[in-house]
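Since the structure comes first, as structure tokens, the remarks are kept for the end.
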Amino acid sequence: MVRYRVRGGNALRGTAFIQGAKNAVLPMIGAALLAAKGRTVLRNVPIIEDVRRAIELAEAVGAYVELHESERTLVIDASRLTSAVLPAEIARRFRGSVLFTPALLHRLGEAIVEGVGGCNLGSRNLDFHYLGYKRLGAIVDEGETVIHVKASGLTGATLYLDTPSHTGTENLIMAAALAKGTTVIENAALEPEVLDVIDMLTKMGARISGGGTGFITVEGVDELHAVEHTVMPDRLDAGVFAMAAAITGGELSLVGTGLDLGVVRYKLEQMGVEFARQGAVLHVRCEGPLRPINIITDTYPGFATDLQSPMMTVAALADGNSYIHERIFDGRFALAAELNKMGANVEVEGSRAVVRGRTPLTGTEVTAHDLRSGIALVLAGLAAKGETVIESGYLIDRGHAHLAARMRALGADITREISER
Ligand SMILES: CC(=O)N[C@H]1[C@@H](OP(=O)(O)OP(=O)(O)OC[C@H]2O[C@@H](n3ccc(=O)[nH]c3=O)[C@H](O)[C@@H]2O)O[C@H](CO)[C@@H](O)[C@@H]1O
Ligand SMILES: C=C(OP(=O)(O)O)C(=O)O
């Protein structure tokens, strides 16, 4: 059992190094398995638990993988894939396991998905993925726990997503990349991580146009080759560090190539946080009291649902009532009860929450129900009086690399502990 222990009260100051993006590297590991020859090199890989699980899963299907931790570099040789089974004990531990299906389909003619994990956020359907594979010519047997997808070659088709699913778009692009003929994906996701995956696939030889427009066209090719690619910076990790500066009255320089916080920056600015771009560095500081805010989560370029929980912590520390409307997931307010244990006043009704601030927070034992509620509780701990203990730290480690070390370097009093339990 991993737990984080945070003693609040220190302002965070210094340079925060933003990790590579979790939600880009996971599909890229899946994409690397599409190359039947050569070695793929991924750089700026975040050293997070989800990446470790993705490596285990790639090895389970026969790929050779080297993780060079201090270089944050992953080398993947998928020339010999030996198993189409995504075993439950690994696949159920992270969402990214779903991104291995297209490579197994193309390389081995089938994928046996024994489970898909990820944060527990209410319904997390995969119907767009499976309907899309069917439209491309696959046979999908959906058993109670195991899903079997089979195809002896896919053929391009027009696909439509009811909502622009992030991993759904990535999976269907990967499936279409080696299909015969043209595929059009309508209502495709616009997230920057999806565009980074398209960049990598394009280098691999895929013919993809329309990324970022909502209408993606993929002209199938016969093969894809191994390439080197640098993973984009993690805007969620960056958002959390900006919020840490905001709630502790600190001042941070965020370093991460081409970092763009988008709407999160504008929302924090409305709350009184100051940002300044100095060349490649994004400077963030906050001196005065925080103002309340209204947030509506949405697909990109809307406010990212993954930053909704951390923003709830910031709202609890703002003077006045903030309003949050969660529109992506139907079960993403588990944080409210934990924040309330620390003295916050958050009231949830359906998909909406009212956060009545500012309430002084006091450290106590709290539970991370998912990755982002975990990091939101770390933020609360940084601003609370006394000591906050957060379990399970594993959920935080799924998505944030070396969190305690990076925050300690900025002046935070935070430790990561491992116990037998
Ligand atoms: C590994 C990864 O990249 N995870 C991200 C990805 O998850 P993920 O790709 O799983 O999220 P989706 O965009 O697919 O899901 C969003 C919503 O669409 C619904 N839906 C989705 C697919 C489908 O086939 N049918 C369906 O109904 C889901 O139930 C959910 O309510 O995008 C989410 C939304 O930005 C982020 O919170 C996750 O961090
Ligand atoms: C929901 C998240 O991740 P996943 O889709 O991997 O569960 C997240 O990163 O907040």
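Everything numeric here is computed off the predicted structure, so don't read it as measured data. Just follow the structure's listing: the first ligand is 1, and inside any ligand the first atom is 1. Worth knowing before you read on, the calculation uses all heavy atoms, side chains too, and leaves out hydrogens, waters and symmetry mates.
- Near Leu371, meaning under 4.0 Å from any of its heavy atoms, are these atoms of ligand 2: 8 (C), 9 (O).
- Here the side chain of Asn340 pairs a donor or acceptor atom with the backbone of Val346 at under 3.5 angstrom.
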Solution key, residues 198-210 side-chain donor-acceptor pairs under 3.5 Å, sequence neighbours excluded:
from: Thr202; atom 1: OG1; to: Ile198; atom 2: O; distance (Å): 2.6
from: Lys203; atom 1: NZ; to: Glu228; atom 2: O; distance (Å): 3.1
from: Lys203; atom 1: NZ; to: His229; atom 2: ND1; distance (Å): 2.7

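- One N or O on the side chain of Arg406 and one on the backbone of Ala401 form a donor-acceptor pair closer than 3.5 Å.
- Using a 4.0 Å cut-off between heavy atoms, Arg332 contacts ligand 2 through its side chain alone, with no backbone atom that close.
- Annotation for ligand 2: atoms under 4.0 Å from non-hydrogen atoms of Arg95 are 4 (P), 5 (O), 6 (O), 7 (O).
- Set against the non-hydrogen atoms of Leu121, the atoms of ligand 2 under 4.0 Å away are 1 (C).
- Of the possible polar contacts, one joining the Thr313 side chain to the Ala376 backbone as a donor-acceptor pair under 3.5 Å is found.
- Protein heavy atom closest to atom 7 (O) of ligand 2, with residue, atom name and distance, is Cys119 N, 2.7 Å.
- Applying the side-chain hydrogen bond (donor to acceptor under 3.5 Å, both in side chains) test to Glu191 and every residue at least two apart in sequence or in another chain returns nothing.
- Phe128 pairs with exactly one of Leu161, Asn171, Asn187, Ile185 by the side chain to side chain contact (heavy atoms under 4.5 Å, CB included) rule, that one being Leu161.
- Shortest contact from atom 5 (O) of ligand 2 to any protein heavy atom: Arg124 NH2, 2.7 Å.
- Inclusion of Arg398 in the set of residues having an N or O under 3.5 Å from an N or O of ligand 2 is warranted.
- The side chain to side chain contact (heavy atoms under 4.5 Å, CB included) test with Tyr4 is passed by exactly one of Glu417, Glu391, Arg416: Arg416.
- Ligand 2 lies out of reach of Gln308, whose nearest heavy atom is not under 4.0 Å from it.
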Starting from the N and O atoms of ligand 1, find every protein N or O within less than 3.5 Å and list the pair with its distance.
from: ligand 1; atom 1: 3 (O); to: Asn23; atom 2: OD1; distance (Å): 3.4
from: ligand 1; atom 1: 7 (O); to: Arg124; atom 2: NH2; distance (Å): 3.2
from: ligand 1; atom 1: 9 (O); to: Thr167; atom 2: N; distance (Å): 2.8
from: ligand 1; atom 1: 9 (O); to: Thr167; atom 2: OG1; distance (Å): 2.5
from: ligand 1; atom 1: 10 (O); to: Arg95; atom 2: NE; distance (Å): 3.1
from: ligand 1; atom 1: 10 (O); to: Arg124; atom 2: NH2; distance (Å): 3.0
from: ligand 1; atom 1: 13 (O); to: His166; atom 2: N; distance (Å): 2.9
from: ligand 1; atom 1: 14 (O); to: Ser165; atom 2: OG; distance (Å): 2.6
from: ligand 1; atom 1: 24 (O); to: Asn125; atom 2: O; distance (Å): 3.3
from: ligand 1; atom 1: 24 (O); to: Asp127; atom 2: N; distance (Å): 3.1
from: ligand 1; atom 1: 24 (O); to: Asp127; atom 2: OD1; distance (Å): 3.1
from: ligand 1; atom 1: 24 (O); to: Phe128; atom 2: N; distance (Å): 2.7
from: ligand 1; atom 1: 25 (N); to: Asn125; atom 2: O; distance (Å): 3.4
from: ligand 1; atom 1: 25 (N); to: Asp127; atom 2: OD1; distance (Å): 2.6
from: ligand 1; atom 1: 29 (O); to: Ser123; atom 2: O; distance (Å): 3.2
from: ligand 1; atom 1: 29 (O); to: Asn125; atom 2: N; distance (Å): 3.1
from: ligand 1; atom 1: 31 (O); to: Ile328; atom 2: O; distance (Å): 2.7
from: ligand 1; atom 1: 37 (O); to: Asp306; atom 2: OD1; distance (Å): 2.5
from: ligand 1; atom 1: 37 (O); to: Asp306; atom 2: OD2; distance (Å): 3.3
from: ligand 1; atom 1: 39 (O); to: Asn23; atom 2: ND2; distance (Å): 3.0
from: ligand 1; atom 1: 39 (O); to: Asp306; atom 2: OD2; distance (Å): 2.6

Pair Ile47-Arg52, side-chain contact (heavy atoms from CB on, under 4.5 Å): steps then yes or no: CA-CA 8 Å; Ile47 309 301; Arg52 294 189 198 282; 3.3 Å; yes
Derivation and outcome, side-chain contact (heavy atoms from CB on, under 4.5 Å), residues Tyr64 and Arg80: CA-CA 8 Å; Tyr64 169 78; Arg80 222 174 61 87; over 6 Å; no
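- Nearest protein heavy-atom contact of atom 3 (O) of ligand 2 is Lys22 NZ, 2.9 Å.
- Listed by first and then second residue, the side-chain hydrogen bond (donor to acceptor under 3.5 Å, both in side chains) pairs that reach into residues 86-109 come to none, sequence neighbours excluded.
- The closest protein non-hydrogen atom to atom 10 (O) of ligand 2 is Arg372 NE, 2.8 Å.
- Panel note: side chain Glu326, backbone Ile328; a donor-acceptor pair is recorded below 3.5 Å.
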